[in-house]
Amino acid sequence: MPLEAAARLVSELTSRGYNAEREAVTRLTAADDPRAALERVLEDVPDDVLVVRAEHVEAALATDAGGATHTDVPGGSSADSTAPVSTGTRSAQERDSSVRSPVEAGGSSSANRETDPAVRSLEITGDMTGESTGTGEYSDFVSVFRDRLDRLGAKLRGRVNHRPATAIQEMPGGSEAAMVGLVNDIRSTASGHWLIELEDATGTFPWLVMKDREYVDLVDELLHDEVLAMEGTLADDSGIAFVDSMYFPDVPRTYEPSTADRHVQAALISDVHVGSQEFMEDAWNAFADWLHTEQAQHVEYMLLAGDMVEGVGVYPDQDEELDIVDIYEQYAAFSEHLKKVPGDIEIVMIPGNHDAVRLAEPQPGFDEELREIMSAHDPQIVSNPSTVTLEGVSVLMYHGVSLDEVIAELPEEKASYDDPHKAMYHLLKKRHVAPQFGGHTRLAPEEKDYLVMEEVPDIFHTGHVHKLGFGKYHNVLAINSGCWQAQTDFQKSVNIDPDAGFAPIVDLDTLDVTVQKFS
Ligand code: D5M
Ligand code: FE
Ligand code: ZN
């Protein structure tokens, strides 16, 4: 599609108070006389329409060609067979004050995002969709852990005078030694000390943390399969080492996050759970309406961190709480809800454990069929996890299944459902979104460990636990969005009181957070 023509059309629509579906713009641009086509569409659309959709364009152009009449266009049906086109131009908006001001309809006015498209930027990194190489063989598990150890180990090797496990076994008793490895085992001894077995490419070596040492406090933060370094003194027989120091890959304390050069905001949400009887449609609609108001005019991006739909067969007896039982219908309904979001907001989404993709992480973005169902708003669909950089601010998006594990393993004051961001701090410290393999978190063996945080993100965004919480860890903003699902029977039975119907909004120029409540 000619970008300039599309940009001019979007600009014209916006100046008249309309948002437009990307597909609608694509079709208008393809018309013989796009300008005239636009006039016809605007004459024809019902008064209460705020978003010009592909169907509106279709209907107006059909009237023109065949002389057929029509009175209304259902706002609900999804885009038809024309392939969606990604142009990146939807954001092109300049205000032309010579035309009439935005329409008021349904109690909400258009937000009129006035952004020059040139200043918006959105880049994706770490999307492994279509890159999966794992076959589930034992050798794949070996490669993924080796890659984890190599890459996280590289962050530690300059900090200690490390030796391979096999070399440490050969050192004389009483020597100072250090090792970089994966936590293979954590055990308490009969006398109350802690025995931590580290593994590297050559073998394993046991490290003993004495119960009266300061590092004992760090032991209860350890997770299986995380990468760290230990330094200490070998016992007389060199069969074990007494730990003096522990080092974590971590985020430097002095980390300085990047910020946007202008006042622009992103809504960071997750866990919509469309299809569940507990999906809070009214709250969602209130949120979508708010996005059309002046107050939300700086919200130009929306990030969705998984669990778009409730899914089918995710947990035992889940079907008793389903409102929509067909998974495709759930996505079609989700797509309708997404269409209420202003067309000039850029959307990026990753899947979660309720979504129809493989459960093992990393989870590739949705397949073609589901993308087609969700194409109307033209969201960018990427893997869980992925990093999206918005105007220089990198946001690591991860659904958050490992948080259940972190919360279960760590003491209450270090990680809890009430303070989900504190659990996220531990993932940042370990520089891995899901260190512990084998519990709730299923790991897909790949050649590369996509779950490693190679770079420090400016913002770390998760969901899954349905609790809202945010805070800073070494200047990185950790934010767990709440959900759009009221308490389920299961959650009632285990006393989880979800934070439902909230939208945390992040200022990308300051990394400040404000929370909008819609329930
Ligand atoms: O997860 C929402 C939260 O509730 C998350 O912390 C897991 C937990 N949860 C919910 N249902 C179950 C069942 N049936 N078993 C174990 N844990 C559960 P979500 O991914 O949205 O379901
Ligand atoms: Fe969820
Ligand atoms: Zn989830």
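Start at 1 and go down the list; that is how both ligands and their atoms are numbered. All residue numbers refer to positions in the sequence shown, counting from 1.
- Of all protein N, O or S atoms, those under 2.8 Å from the Zn ion (ligand 3) number 4.
- Contact residues for ligand 1 (protein heavy atom closer than 4.0 angstrom to any ligand atom): Asp271, His273, Asp307, Tyr315, Asn353, His354, Asp404, Tyr417, His464, Val465, His466, Phe490, Gln491, Ile496.
- Arg120 forms a cation-pi arrangement with Tyr301, by the criterion of a distance under 6.0 Å to the ring centre and an angle within 45° of the ring axis.
- In the displayed structure, Arg151 atom CZ is contacted under 6.0 Å by more than 12 heavy atoms of other residues, nucleotides or ligands.
- Classification of the Trp290-Phe287 ring pair by plane angle, with boundaries at 30° and 60°, yields parallel.
- Donor-acceptor pairing under 3.5 Å is lacking for the side chains of Gln436 and Ser402.
- Listing protein N, O or S atoms at distances below 2.8 Å from the Fe ion (ligand 2), with waters left out, gives Asp271 OD1, His273 NE2, Asp307 OD2, His466 NE2.
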Go through it in stages, so that I can follow the logic: the residues are Ser276 and Gln485, the test is side-chain hydrogen bond (donor to acceptor under 3.5 Å, both in side chains), and I'd like the CA-CA distance, side-chain angles, deciding distance and then a yes or no.
CA-CA 8 Å; Ser276 158; Gln485 183 185 38; 3.0 Å; yes
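- Around the CD atom of Gln491, the shell of radius 6.0 Å holds more than 12 heavy atoms that belong to other residues, nucleotides or ligands.
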When you look at Asn353 and His399, which way does the side-chain hydrogen bond (donor to acceptor under 3.5 Å, both in side chains) test go after all the steps?
CA-CA 8 Å; Asn353 58 311; His399 178 58; 2.9 Å; yes
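- Between the side chains of Thr204 and Glu199, no donor-acceptor pair is found at a separation under 3.5 Å.
- Glu214 is linked by a salt bridge (charged side-chain N to carboxylate O under 4.0 Å, His left out) to nothing, counting only residues two or more places apart in sequence or in another chain.
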Please test Asp217 against Lys414 for salt bridge (Lys or Arg N to Asp or Glu O under 4.0 Å), starting from the C-alpha separation and ending with a verdict.
CA-CA 11 Å; Asp217 193 41; Lys414 292 190 176 179; 3.6 Å; yes
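- Looking at Lys155 and Glu455, no side-chain N of the basic residue comes within less than 4.0 Å of a carboxylate O on the acidic one, giving no salt bridge.
- Lys467 forms no cation-pi arrangement with Tyr417, by the criterion of a distance under 6.0 Å to the ring centre and an angle within 45° of the ring axis.
- When only modelled atom types and interatomic distance are considered, His273 and His466 share a side-chain donor-acceptor pair under 3.5 Å.
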